[in-house]
Student: 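The structure is given below, and queries will be raised subsequently.
Every value quoted in this text rests on a predicted model; they were computed, and no experiment measured them. Atoms considered below: every heavy atom in the structure, side chains included; atoms not considered: hydrogens, waters and symmetry mates.
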Amino acid sequence: MPSPDSSSPRAHGVVVAIERDGKFLCIRRAKNLPRAPGKVCFPGGMIEPGESQEQAVIREMKEELGIDVEPIRQCWRHDLPNKHLTLWGWIANWTTGQITPAIAEVEESFWLTPDEICSHPDAIDTNPLFVRCLLQNKK
């Protein structure tokens, strides 16, 4: 999949779903981050200039959690209405590495069920939208 159009005024980011035993890998963002500090969400980050979505998925998972992943497919797109940001949701397989959160970006990592992701008191607003997409893709 190509990188977003560089002439677009929107920023683009990826969020990554890794499933194990009916639960998804989630993170709590570091409290010192400018956007969504302390929020619970799927791991991911911004797509860098010239980078494809797949490359961003691989890089972000390595940077944030120290793991290697194989991007499987892009399954979700969300244009945030109040920000110039488009999020691309990806399903990926965890291939190697031990989860080691990068403390500058990730306070903790944990596995949550879809219901836990959506109802967590610190959940980021887009979690239920991405979870709904993931559950529909399992059918």
Student: Less than 4.5 Å apart, side chain to side chain, heavy atoms only: is that true for Pro101 and Glu64?
Tutor: no

Student: How about Leu65 and Thr100: do any of their side-chain heavy atoms sit closer than 4.5 Å?
Tutor: no

Student: Does Trp90 reach the side chain of Ile18, with side-chain heavy atoms less than 4.5 Å apart?
Tutor: no

Student: Parallel, tilted or perpendicular for Phe130 and Phe42, by the 30°/60° rule?
Tutor: perpendicular

Student: Side chain of Asn127, backbone of Val40: donor and acceptor closer than 3.5 Å?
Tutor: yes

Student: Closer than 3.5 angstrom, by distance alone: can the side chain of Glu70 be matched with the main-chain N or O of Ile72 as a donor-acceptor pair?
Tutor: no

Student: So, does Arg28 use its side chain to make a donor-acceptor pair with the main chain of Gly38 at under 3.5 Å?
Tutor: yes

Student: Kindly give the heavy-atom pair with the smallest separation between Ala36 and Arg29, and that separation in Å.
Tutor: O-NE, 3.2 Å

Student: On a heavy-atom basis, which atom in Ala104 and which in Ala30 lie closest, and how many Å separate them?
Tutor: O-CB, 3.6 Å

Student: Are side-chain heavy atoms of Lys31 and Glu107 found at a separation under 4.5 Å?
Tutor: yes

Student: Among Ile91, Asn93, Val57, which residue meets the side-chain contact (heavy atoms from CB on, under 4.5 Å) test with Val69?
Tutor: Val57

Student: Grab the two heavy atoms, one from Gly22 and one from Pro114, that are nearest each other, plus how far apart they are.
Tutor: O-CD, 3.6 Å

Student: Taking the side chain as every heavy atom from C-beta outward, state whether Arg35 and Leu33 have any pair of such atoms under 4.5 Å apart.
Tutor: no

Student: Can you tell if the side chain of Leu85 reaches within under 4.5 Å of the side chain of Met46, non-hydrogen atoms only?
Tutor: yes

Student: Report yes or no: do Leu129 and Leu135 belong to one cluster of Ile/Leu/Val/Met/Phe/Trp/Tyr joined by side chain heavy-atom distances under 4.5 Å?
Tutor: yes

Student: Answer yes or no: is there a side-chain heavy-atom contact under 4.5 Å between Ser109 and Leu25?
Tutor: yes

Student: About how many Å separate CG of Asp125 and CG of Asn82, when rounded to the nearest 0.5 Å?
Tutor: 9.0 Å

Student: Any cation-pi pair here, Arg20 with Trp94, using under 6.0 Å and within 45°?
Tutor: no

Student: On a heavy-atom basis, which atom in Pro43 and which in Cys26 lie closest, and how many Å separate them?
Tutor: CD-CA, 4.4 Å

Student: Verify, without hydrogens or angle tests, whether Gln55 (side chain) and Ser52 (backbone) share a donor-acceptor contact under 3.5 angstrom.
Tutor: yes

Student: Please check if Trp88 and Ile124 belong to a single hydrophobic cluster, counting links between Ile, Leu, Val, Met, Phe, Trp and Tyr side chain heavy atoms closer than 4.5 Å.
Tutor: no

Student: Return the NE2 to CD distance between His12 and Glu48, rounded to the nearest 0.5 Å.
Tutor: 14.5 Å

Student: Taking atom types as modelled and ignoring hydrogens, do the side chains of Asp79 and Thr86 form a donor-acceptor contact shorter than 3.5 angstrom?
Tutor: yes

Student: What are the two closest heavy atoms between Lys39 and Asp122, and how far apart are they?
Tutor: CD-O, 3.2 Å

Student: With Thr126 as reference, evaluate Leu87, Val131, Val15 under the side-chain contact (heavy atoms from CB on, under 4.5 Å) test and give the passing residue.
Tutor: Leu87

Student: Might you point out which heavy atoms bring Ala92 and Pro71 nearest each other, and give the distance in Å?
Tutor: CB-CA, 4.1 Å

Student: Are any of the side-chain heavy atoms of Ile58 and Asp68 separated by less than 4.5 Å?
Tutor: no

Student: Please lay out, stage by stage, how Arg59 and Glu51 fare under the test salt bridge (Lys or Arg N to Asp or Glu O under 4.0 Å).
Tutor: CA-CA 10 Å; Arg59 178 186 51 75; Glu51 186 176 50; 2.7 Å; yes

Student: So, taking the atom named CD in Gln53 and the one named CD1 in Ile47, what distance separates them when rounded to the nearest 0.5 Å?
Tutor: 4.5 Å

Student: Quick one, Glu108 with Ile27, criterion side chain to side chain contact (heavy atoms under 4.5 Å, CB included). Give me CA distance, side-chain angles, the key distance, then yes/no.
Tutor: CA-CA 6 Å; Glu108 62 180 321; Ile27 64 166; over 6 Å; no

